[in-house]
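In what follows, a single structure is set out as structure tokens and then discussed.
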There are 2 protein chains.
Amino acid sequence: MGTKLNFDEFIDQYRDQINTFLETNLSKSGSDQGLVSAMAYSVNAGGKRLRPLLTLAVLQTFDVAVTPARLQAATALELLHTYSLIHDDLPAMDNDNLRRGKPTNHVKFGAGMATLAGDGLLTLAFEWIASAKLPVIQRMELIQGISHAAGPAGMVAGQAMDIQNTRHKLSYTALKQLHAGKTGALIQYAVTAGGILSGANAAEMAALAAYGAAYGLAFQIYDDLMDVIGDTQAMGKLVHKDAGEQKNTYPGLFGVAGTIEKLQATVVEAQEALKALDSNNRLDASLLVSFLEYFKIKE
Amino acid sequence: MGTKLNFDEFIDQYRDQINTFLETNLSKSGSDQGLVSAMAYSVNAGGKRLRPLLTLAVLQTFDVAVTPARLQAATALELLHTYSLIHDDLPAMDNDNLRRGKPTNHVKFGAGMATLAGDGLLTLAFEWIASAKLPVIQRMELIQGISHAAGPAGMVAGQAMDIQNTRHKLSYTALKQLHAGKTGALIQYAVTAGGILSGANAAEMAALAAYGAAYGLAFQIYDDLMDVIGDTQAMGKLVHKDAGEQKNTYPGLFGVAGTIEKLQATVVEAQEALKALDSNNRLDASLLVSFLEYFKIKE
């Protein structure tokens, strides 16, 4: 077994590697300077890099090295995530002016260029995975997974449900479906991508998928909750926005206390999935356990 | 050798197959009915299906059968092409209200849903290629090709050049670069995709790439020309629009007569490329020759 990093070491080391990879390679990926600037602006706006970090955390769990090719495939996910934020912020969608504490892409570059920057990042994500120096079967499984998770049966469907149902109160079942698409599908893919890159067996893939699904749901519940109990400075975006826009949220359905309960139950689900992953005692899933710390509510 | 269809038979038979494939499979490809309706509206708005037809014409040239899997991979290109039209028509881009004689996607569904319909179609194109029952190496070569052609070094770059340079007069060199991205890259991919699916050798791939590049350029020159000398009814969209918007066009640089000369020279380039393809007399490229009839100017 290689040396295992603890959670803080892991985040510090690999967030830097992801950021360096993005800064080095994004500027070479386009032929129009205006377009590349718009793409790079949002990618380099200081995201947490949660999704590629989840992929790499699975690699460490399986004791698989983070090679440049695996880093490339993992980091492609950040391109795709950034596209979804740029399009989501557009005037025709959520019309947000602030993201990660900075003006949103269309405020800076105009809605036309922001649309193209998103289109470019989405397409480039596929190019980065397809051109990574990995076994072709692994690349194909990644592309099958990400295209399904991000497409009209996944993320885009969640977004479409969202814009169609603002000002209509959704049932809990429908809200779960909305979130499973809008944020859940891509986070679940991030986790299972780590399994694909690690050569996980079918039982391990199922456990990773369960952990990823619970993680994605917890992420959305936490985000809804922070919109109510967080503050603008800490979040880097406007809070108390969902209620003003009559968005469908967990606190809207269950109140703050009920939402915290749901969050905690979902975290437990994720922990249980990790126990299944680790049932043969071959794997040390402590890093993936640590990723759930994010959802702790400060009293 | 199988039975070869002549041009009219080929177009009739395969346009029907492409349309049937789209109608049958698009509705199953998404989980939100509103989104699927918006996607299907533009896909089924009666396009010529030029790009998948070019792919299939290469198959016939190489005497390779159009199996369901190859049809799926070829038809994915129409999803991607339709996404580019939907986003291009958006208020923040060209702000077109009419396309193929019908209201554009955002006029019908709103700009938010139109943005998502485009995002969904782009992503679904990759899913269709990745899930086609073809050798994994072929699928990967198709994905590498289409992601590069459609991305920020190809089509999206051409679009970005276009929106940044309306009202700025471009040089001929810059205009060629704009068109090579905006329309050329995807048409060239359509032709080379046929080579990939036919197992073409390196010399054949080079000839197909040259034919595809010339075809794409001729297509754009012809489109510019028809905006000046065509009429709205025949084109299914508003003409004389480019000049009003101070778009960079061939007639703007060379006048009508000069543009017709450029078009004819480009068609000759495409014909020369086919001679190279057919240099060992193994292939009958007459169908690809017939595809150039499209660019004949009626006197």
Side-chain angles (χ1 to χ4, degrees), chain A residues 26 28-32 34-36 38-39 80 83-84 87 90-94 106 110-131 136-137 139-141 143-148 150-161 163-164 177 181, chain B residues 26 28-32 34-36 38-39 80 83-84 87 90-94 106 110-131 136-137 139-141 143-148 150-161 163-164 177 181:
Chain A
L26 199 52
K28 300 181 211 156
S29 296
S31 56
D32 179 82
L35 175 67
V36 170
M39 289 163 58
L80 201 145
Y83 124 75
S84 75
H87 281 195
L90 283 171
M93 305 273 281
D94 278 1
H106 62 91
M113 186 59 93
T115 305
L116 292 175
D119 293 344
L121 288 169
L122 170 54
T123 313
L124 189 60
F126 287 101
E127 192 176 359
W128 278 18
I129 298 173
S131 64
V136 66
I137 299 286
R139 280 179 281 155
M140 189 54 67
E141 287 180 4
I143 288 167
Q144 287 172 337
I146 199 168
S147 63
H148 190 75
M155 187 173 72
V156 179
Q159 291 275 26
M161 279 187 79
I163 67 168
Q164 290 171 106
Q177 199 193 329
Chain B
L26 199 52
K28 301 181 211 155
S29 297
S31 56
D32 180 83
L35 175 68
V36 170
M39 289 163 57
L80 202 144
Y83 124 74
S84 77
H87 280 194
L90 283 171
M93 306 272 282
D94 278 0
H106 62 92
M113 187 59 92
T115 304
L116 292 175
D119 294 344
L121 288 168
L122 169 54
T123 313
L124 189 61
F126 287 102
E127 192 176 0
W128 278 18
I129 299 174
S131 64
V136 65
I137 298 285
R139 279 179 281 156
M140 189 54 68
E141 287 180 4
I143 288 166
Q144 287 171 338
I146 201 169
S147 64
H148 191 74
M155 188 174 72
V156 179
Q159 290 275 26
M161 279 187 78
I163 66 168
Q164 289 171 106
Q177 199 193 329

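Below, chain A is the first sequence line, B the second, and so on; all start at residue 1. What you are looking at is a predicted structure, and each value in this text was computed from that prediction instead of being measured.
Pairing each heavy atom of B:Gln144 with each of A:Ser131, the nearest pair is NE2-CA, 4.3 Å. Counting all heavy atoms, side chain and backbone alike, A:Met93 lies closest to B:Gly112 at SD-O, 3.4 Å. In terms of heavy atoms, A:Gly120 sits closest to B:Pro152 at O-CD, 3.6 Å. Closest approach of A:Asp32 to B:Ala160, counting heavy atoms only: OD2-CB, 3.8 Å.
If you measure heavy-atom distances from B:Gln177 to chain A, the contacts under 4.5 Å come from the side chain alone. Looking at B:His87, only its side chain comes within 4.5 Å of chain A, counting heavy atoms on both sides. Residue contact with chain A, scored on non-hydrogen atoms closer than 4.5 Å, involves the backbone and the side chain of B:Leu116 alike. In this structure, no portion of B:Met155 lies under 4.5 Å from any heavy atom of chain A. B:Gln159 touches chain A through backbone and side chain together, each having a heavy atom under 4.5 Å away.
Summarising the geometry, atom CD1 belonging to B:Ile163 is positioned 8.0 Å from atom OG1 belonging to A:Thr115; distances are rounded to the nearest 0.5 Å. For the atom pair NE2 of B:His148 and CG of A:Leu124, the computed distance is 10.0 Å after rounding to the nearest 0.5 Å.
Your options are A:Met161, A:Met140, A:Met39, and the one with the most heavy-atom pairs under 4.5 Å with chain B is A:Met140. Of the listed residues B:Thr123, B:Ile143, B:Val36, the one with more heavy-atom pairs under 4.5 angstrom with chain A than any other is B:Thr123. Taking chain A as the reference chain and counting heavy-atom pairs below 4.5 Å, the highest number among B:Leu122, B:Leu80, B:Ile129, B:Ile137 is found for B:Leu122. Contact tally against chain A (heavy-atom pairs below 4.5 Å) for B:Ala157, B:Ala150, B:Gly110, B:Gly158: the top residue is B:Ala157.
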Exercise for review: Dump the intermediate steps for side chain to side chain contact (heavy atoms under 4.5 Å, CB included) on B:Tyr83 and A:Asp119, then the final yes or no.
Suggested key: CA-CA 10 Å; B:Tyr83 124 74; A:Asp119 293 344; 3.3 Å; yes
